[in-house]
Number of protein chains: 2
Amino acid sequence: MSAKKVLVVDDEASIREMLRLALEISDFKCLEAADIHEAYRLITDESPDIVLLDWMLPGGSGIELLRRLKKEEATQALPVIMLTAKTHEDNVVQGLEVGADDYITKPFAPKELIARMKAILRRASSEEGGSELRVGELVLEIDSRRVMLSQKALEMGPTEFKLLHFFMSHPERAYSRAQLLDRVWGANVYVEERTVDVHIRRLRKALQAGDPVYADLIQTVRGTGYRFSPRDLAVV
Amino acid sequence: MSAKKVLVVDDEASIREMLRLALEISDFKCLEAADIHEAYRLITDESPDIVLLDWMLPGGSGIELLRRLKKEEATQALPVIMLTAKTHEDNVVQGLEVGADDYITKPFAPKELIARMKAILRRASSEEGGSELRVGELVLEIDSRRVMLSQKALEMGPTEFKLLHFFMSHPERAYSRAQLLDRVWGANVYVEERTVDVHIRRLRKALQAGDPVYADLIQTVRGTGYRFSPRDLAVV
DNA sequence: CAGTTATGTGACATTCACGTGACACCTTGC
DNA sequence: GCAAGGTGTCACGTGAATGTCACATAACTG
C-alpha cells in the first residue's frame with residue numbers, strides 16, 4: 001500500500017511540527033495548512049486521504065471548513081478528524097453532527113491519534129470497491145444505486161440500500177445494532193437501536209420479494225445483532 | 001457489555017485505593033497488585049482487560065514487567081497504561097517504545113485516566129478481528145459468532161457461546177463454578193453456582209449434536225469445577 | 001456396604017430479545 | 001397546497017434463553 005497523505009490544519013506551527021514528526025514516523029505523508037484557505041487549496045490540489053482539523057482557526061473556524069467539505073460532492077467522503085482543546089460536550093456533538101468522523105481533544109497521545117486515523121482509513125478503504133457487489137444472483141450496482149436479483153430490480157429505500165451495501169462489503173460477520181448505526185447511519189446521529197430492526201425487516205422484505213431464499217442471507221444473531229451470510233445460501 | 005477488568009499495579013496503597021474508587025464509579029472491576037510478582041500472577045489468573053502500571057516498583061521496575069508482557073505471546077495484546085511521577089521525556093519515550101499504549105503522569109485527574117482507558121479499550125475491542133479459535137475440527141469463529149464442527153454449524157445460546165469461548169481461550173485448566181460465573185457471566189451478577197452445571201450440560205449437548213467425541217472436551221473435575229481439555233481428544 | 005456428598009438431567013416459570021404492524025412526522029416533487 | 005414515499009418510534013405478540021428446582025445418578029467416605 002502506498003503511503004497515505006494526511007493534511008494537518010492548525011495555526012500553531014509547533015503543533016503542526018509535532019504532528020508531522022509523529023506522522024512521518026508512522027509512514028504517512030504530511031501536508032500542512034495554517035488556515036482555511038490554504039487547507040481548501042491543498043484538499044483540491046493534493047487530494048489527501050484524511051484531514052486533521054483544528055477547531056479554532058483564524059479566518060473562519062474549523063467547523064466552517066468541515067461544513068463546506070461535507071456539502072460538496074467531491075469532498076463528502078473525505079474523512080475528517082477534529083482536534084479540539086475544548087472539552088465542552090457541545091463542540092463534540094456539533095462536530096459530529098456536521099459529519100466529522102472522529103474527534104480528539106488536546107492534549108492527546110500521538111499513538112492514539114495514529115490508531116484512530118488507521119481505523120478510519122481502514123474503514124474507508126474497505127468500503128470502496130468496484131462499481132458493483134455480487135452474491136449469487138444478487139447484484140448491488142453502486143453507481144446506478146440499484147439492486148438486481150435474477151435480472152429483476154428490487155425496490156428499497158436509501159437506508160436499506162446503504163444497509164445492504166454495508167452488509168455485502170462485510171459478509172460473514174455479526175454486527176451489533178450500535179455498530180450498524182455507526183457504520184450505516186453515521187456516527188453523527190442519534191436513533192434508537194431498535195430502529196435497526198425495522199430497517200432489517202424492510203430489507204428482508206425487499207429481498208424476499210425477489211426470491212424468498214435470499215431473505216435468509218440476513219441472519220439474526222440472538223443477543224448480538226445481525227449477520228450477512230452468503231455462505232449459508234442454498235446453491236441454486 | 002460486561003464490566004471490564006482493570007489491574008492496578010502500584011506499591012502505594014493510597015494510590016491503589018484512590019484508583020479503585022475512581023474505577024468502580026465508572027463500572028470497572030478493579031484488581032490490585034503491589035509488586036510485579038503479584039501483578040504477573042493476577043494477569044495469568046484473571047486475565048484483566050487492561051493494566052495500569054506504575055513506573056517505580058519494588059522488586060523490579062514497572063518497565064520490566066511491561067517488557068516481559070510484550071515478549072510473551074499470550075499477553076502481547078494486553079493494553080498497558082504507564083503511570084509515572086517523573087516528567088522526564090525519556091521515560092515516556094522508553095515506555096512507548098517497549099509497547100505501552102499510553103502513559104499518564106502523576107498527579108492526574110481520574111477523569112482523564114478513565115477517558116484514556118476507554119479510548120484504548122474501544123480501540124482494542126474493535127481491532128480484534130479475523131480471529132478464530134480451533135481445536136481439532138471444532139472452530140469458534142469470533143466475529144461471525146458461530147461455532148463450526150466439521151463444517152457444520154452448531155446451535156447454542158449466547159451463554160454457551162461465551163462459555164465455550166472462555167474455555168477455548170483457557171484450555172487445560174480447571175475452573176471453579178465461582179470463577180466461571182465471574183468470567184463468563186460477569187462480575188456483578190448473582191446466580192446460583194449450580195446454574196453453571198446446567199449451562200455446561202447445554203454446551204455438552206450442543207457439542208454432542210455435532211460429534212459425540214467432542215462432548216468429552218469438557219471434563220468435570222470433582223470437588224473443583226470443570227476443565228476444557230483438547231489434550232484428551234481422541235484423534236480421528 | 002450404608003451413608004454422604006457432588007454432579008447429571010429433565011422440567012418449568014420467568015424474563016428477555018426479536019419480529020411485526022401501525023402511525024406520526026418529515027421530505028420531496030408536483 | 002397536496003400527495004407520495006421514506007423514516008423513526010412505539011406497542012404488542014411470540015418464541016427463545018435463562019435461572020432455578022427436584023430428583024436421579026454417580027463418586028467418595030468410613
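By convention in this document, chain letters (A, B, ...) are assigned in the order of the sequence lines, proteins followed by strands, and residues within each chain are numbered from 1. All values below were derived from every heavy atom in this structure, side-chain atoms included, with hydrogens, water molecules and symmetry-related copies excluded.
- The separation between Gln219(A) atom CD and dA17(C) atom P is 21 Å, rounded to whole Å.
- Val221(B) comes within 4.0 angstrom of sugar-phosphate atoms only, judged by non-hydrogen atoms across all strands, and of no base.
- Asp197(A) has its CG atom 15 Å from the C1' atom of dG13(D), to the nearest Å.
- Straight-line distance from the CD1 atom of Ile200(A) to the C1' atom of dT7(D): 15 Å, rounded to whole Å.
- Inspection of the Arg145(B) and Thr224(A) side chains reveals an N or O donor paired with an N or O acceptor under 3.5 Å.
- Between the side chain of Arg204(A) and the base of dG19(C) there is no donor-acceptor pair of N/O atoms closer than 3.5 Å.
- A 6.0 Å sphere centred on CD of Glu172(A) holds more than 12 heavy atoms belonging to other residues, nucleotides or ligands.
- Side-chain N/O atoms of Thr195(B) include one lying less than 4.0 angstrom from OP1 or OP2 on dT20(D).
- dG5(D) atom C1' lies 11 Å from atom CZ of Arg202(A), rounded to whole Å.
- Contact between the side-chain N/O atoms of Trp185(B) and the OP1/OP2 oxygens of dT18(D) is not found at any separation under 4.0 Å.
- Ranking dG6(D), dG8(D), dC21(D) by closeness to the Val191(A) side chain, first place goes to dG8(D).
- Side chain of Lys5(B) to backbone of Glu46(B): a donor-acceptor contact under 3.5 angstrom is found.
- Per the geometry, CD belonging to Glu192(B) stands 15 Å off C1' belonging to dT7(C), to the nearest Å.
- One atom, CD of Glu193(A), and another, C1' of dC18(C), lie 13 Å apart when rounded to the nearest Å.
- Between the side chain of His165(A) and the backbone N or O of Phe161(A) there is no donor-acceptor pair closer than 3.5 Å.
- If you check distances only, the side chain of Arg222(B) never reaches the base of dG8(C) with a donor-acceptor pair under 3.5 Å.
- Closest to the side chain of Arg177(A), from the set dC18(C), dA26(D), dT20(C), is dC18(C).
- Remark: Thr159(B) is not in phosphate contact with dA17(D), judged by side-chain N or O atoms under 4.0 Å from OP1 or OP2.
- The nearest whole Å value for the distance from the OH atom in Tyr190(B) to the C1' atom in dT15(C) is 18 Å.
- Taking 4.0 angstrom as the limit, Tyr226(A) places a side-chain polar atom (N or O) nearer than this to OP1 or OP2 of dG19(C).
- Checking the phosphate oxygens (OP1, OP2) of dC18(C), no side-chain nitrogen or oxygen of Arg201(A) falls inside 4.0 Å.
- Between Glu155(B) atom CD and dT18(D) atom P the separation is 13 Å, expressed in whole Å.
- Between the side chain of Arg194(B) and the base of dG8(C), at least one donor-acceptor pair of N or O atoms lies under 3.5 Å.
- A 6.0 Å sphere centred on CZ of Arg146(A) holds no more than 12 heavy atoms belonging to other residues, nucleotides or ligands.
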